Amino acid sequence: MTVHRSSDKRAESARPRTDKSSAGRPPGSGGRIEQVRQVLDEVVTWQFAADSVVSHWLRAHPAMGVRDRGEVAEAVYDILRHLRRYRQFAESGVGPATRRLAILGLWSTLGRERIDAALDAGEQAWLDRVLQIDSTSLSLPVRSSTPDWLFDRVRDLPNVESLLTALNQPASLDIRVNPMKADRDEMVADLARGNGVRWSPVATPYSPWGIRLRGRPAMNKWHQFEHGLIEVQDEGSQLLALLVAPRRGEMVIDFCAGAGGKTLLLGALMRSTGRLYAFDVSAARLARAKPRFARSGLSNINPVAIEHENDARVRRLAGKAQRVLVDAPCSGIGTLRRNPDLKWRQNQQSLVELTALQARILSSAARCVAPGGRLVYATCSILPEENEAQVERFLATHPEFELVNAAPILAARTPLQIEGPYLKLRPDVHGTDGFFAAVLDRVRKSTKPAAADDEKTIRSSDDAVLVPMDDRAATASGENLALSGVEPAAGSDSVDSVEPVKAPEPLEPVEPLEPVEPLEPLEAVRSFDLVDSPVAAETVDNSENVHNSEAFVNAEAASNPEAADNSETTDMARPVTTYVKPKAATPSARAGRLKEARASRHALEPRSAKKSTSVKESGSMIDPGPAKVSGSAMEPAPASIPKPARKRATPTAIPKGESSGPQD
C-alpha cells in the first residue's frame, strides 16, 4: 500500500527537526526516543499500514545507518504488539504519552542500559514503577494487548492465552526454494557456507521447500535471490500449494494473487506448463510481482488485473479451470506477528464487510471450477466466521461441491499431522502464521434451474417455441415431424416453427346437391394439412381430384358444423381468377387457399383435360402448367410434348442426408 500525500508532507516537515535533534548522537540517546516517537505519531493515526509508514519515514532519512533503522523499526513494532498494555502504563507520568510509549518500546528491544542516559529523573522514576507491576495481575485482554472485539471472537478457541502470546512474538523469516531451479537441502548447505551463515538457515519441519532463517536479513542482494533460486514465503502459505495439487498442462487460477508468492509456487509445480492465471483487483500489486515472475523463469503465468470478483474476464473462464485457489482478503489476524497493527486497524464493522466480500469472491471463483475440479479456500485468519462458518454457508448454497478431508492430502507429502477436515495452523503449535484452508471438490454439475441459454429459442413468424437442446434431433427431420403429427410453417426454409395438426373428422356420405362426376377414392389421402410436408408429398398425388367440387364442400359443411363456420372453407366454392401469395403462414389459411384454387381450376378447365394437366405448387399458389390461349378459351398443351410425372416439392428443397434444422 502506498502512503497518502498528506503523510508524505508530514514526514518531510518532520525531517529537519529529526536530523538536528539526532545528529551526532550515539544510539540509545534521546535522539533515538525522538525518532521512535515521530514514527509512532504517524502510525497511530491508523490511516495506512504500519510497514508503509515506517518504510516511508526511513526513506525520508537516508543518513541513518542500517543498525539505526533496524532499532527504530523494532521499537515501533514492539509498541504495536503490546499497545494496550503500554498505554495503560503510560497513563501515569508527565509529558507526551507517545514519548513514554517510545521509552517502553526501546526498553523492550534495547534494554534499560541503552536508554537510561536519555531519561530525566521523572521518567526514570516512572519507568521503575512500571517495571514493578506484576503482569499476571492484569486481565488477559490487557496482558495480551488484544482489543475487546477480537478477544470476544477468540476466547473460546483452545489454549487461547498461548495463542495470543505467540501472536505477540516476532516472527522468523521463512523462505523457500524454486522447485524448478534448486533443491532444498543443497540450498541450506549453500546458505550455511555463504551469505546466510549469520542467520542459521534450517529446513522447515513441514514444507518440502521451506528454509527458516533467524532474524531479518536483507536478502534482496543475495545472488540466490537475484537469480530466482529462493523466494520469501511463510511456511503455512507454502502448504496451500500441496492442497491445490496442480498438475502439468492444467488450467489453474490464483484468484487473489496479491504479490504472487503462491502463484510462483503453483507455476513451478506445474513445471511451467498449462495456463496459470493470477487475478487481483490491484494492478499495482501485480506490477510489483512481475519482477518475481521474471526471476522465476516461469512462462505459464498470466497476470490479470480485474475490477471486481464478477469481472467479465472472470466470467469467460466459467467451468474451465481444473484448480482454483482463493486466498481471500481477510482480517489478517493470523499474521499479527508480522503485522501487529492489523488488530488496531480492524473493528467489528470491517469484519462484517470482509465476510460479505469473502462470500462473493468464493461464489464467483466457484463458477470457474470445471466438473471434477478443485476449489481451495484459504485465509490467514484464525476467526471462525471467516473460516469454518464461511465454508458451511458456501456448501449450503452450492450442493455441487463437497468438502474433502485435507489430512490425507497433506500426509502424502509432509509429516504434518492434523485432525481435519480443515487445515488450521497456529503460531504456538506449528511455528507458522495462523492459516486456514478448506478443500472443496466439484463432484457434479450444478443442480440450479437451467439458465435461459440452456434452451434453444426457435422463432417463427407467429410464435416462439422453446425446444430443449435434447429435442433438436427429434425435430430436425421431416420424417420425425410427420410421425409426431406436426408440419413446417409455410414459407420457411427450415423446420423453425411447428404447430400441432388435428386429424380430420370422418365424413358421412350425403346426397350430392347436383349431378357431378363420380369422385375418385379417398384411400390415398392422409390429410389436407400435410400437402406441404416433404414426407406426405407422395401420398397426395391424387388430391387434385378431391375437394374441388361444390358438392364436396357442401357435404363437408353438413357433416362438420365447426367447419361450416369457417369462412375460409365455405368460400372455396366461389370462382377465383387472380391468385396472390398470402402473407399468413398458418395451416388453416394454406388449406383454404389450396381448396379455393382447385375449385377455381375446376371451373376454368375442360373436364377432359383435367387429368392430363400437370400441376405445380409454389407455397400456396397453383400454376396450371403450360397452356396456349385461343380466343377467350384456354386449351391444354399439345399431347405430343409429354411431361414426366413430378412429385410435389416443398418451397425449399433439402438435399438428401442434410438436416432441415437451424444451422449455427
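Residue numbers count from 1 along this sequence. Computed from a predicted model, the values in this text were never measured in an experiment.
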In plain terms, say whether Glu231 and Arg176 are close enough for a salt bridge, that is, a side-chain N and a carboxylate O under 4.0 Å apart.
no
Do Asp254 and Phe279 touch side chain to side chain, with heavy atoms closer than 4.5 Å?
no
Under 6.0 Å from the six-membered ring centre of Phe225 and within 45° of its axis: does the NZ or CZ of Arg295 meet both?
yes
Hey, would you say the Tyr377 and Phe394 ring centroids sit under 6.0 Å apart?
no
The ring pair (Phe, Tyr, Trp, His ring centres under 6.0 Å) partners of Tyr77 (sequence neighbours excluded) come to none
Going by atom types alone, do Ser296 and Asn178 pair a side-chain donor with an acceptor below 3.5 Å?
no
Decide whether Glu386 and Gln358 meet the rule of one side-chain donor and one side-chain acceptor closer than 3.5 Å.
yes
Do Asp148 and Arg84 meet the salt-bridge criterion of a basic N to acidic O distance under 4.0 Å?
yes
Has the side chain of Asp280 got a donor or acceptor atom that lies under 3.5 Å from a matching backbone atom of Leu286?
no
Within a strict 4.5 Å, meaning less than it, do heavy atoms of the Ile230 and Met187 side chains meet?
yes
Looking only at atom types and distance, does a side-chain atom of Arg85 sit under 3.5 Å from a main-chain N or O of Leu138, one as donor and one as acceptor?
no
Under the side chain to side chain contact (heavy atoms under 4.5 Å, CB included) test against Arg212, which residue among Thr432, Ile175, Leu173, Val188 passes?
Thr432
Under 3.5 Å, side-chain donor or acceptor atoms of residues 192-199 against the rest of the protein: list the pairs with distances, not counting sequence neighbours.
unit_1: Asn195; atom_1: ND2; unit_2: Gln224; atom_2: OE1; d: 3.2

Gln88 side chain to Val142 backbone, donor-acceptor under 3.5 Å:
no
Sub-3.5 Å donor-acceptor pair from the side chain of Ser364 to the main-chain atoms of Ile361, do we have one?
no
Roughly how far apart are Ile418 CD1 and His430 NE2, rounded to 0.5 Å?
8.0 Å
State whether the side chain of Trp222 and the backbone N or O of Asn220 hold a donor-acceptor pair below 3.5 Å, judged by distance alone.
no
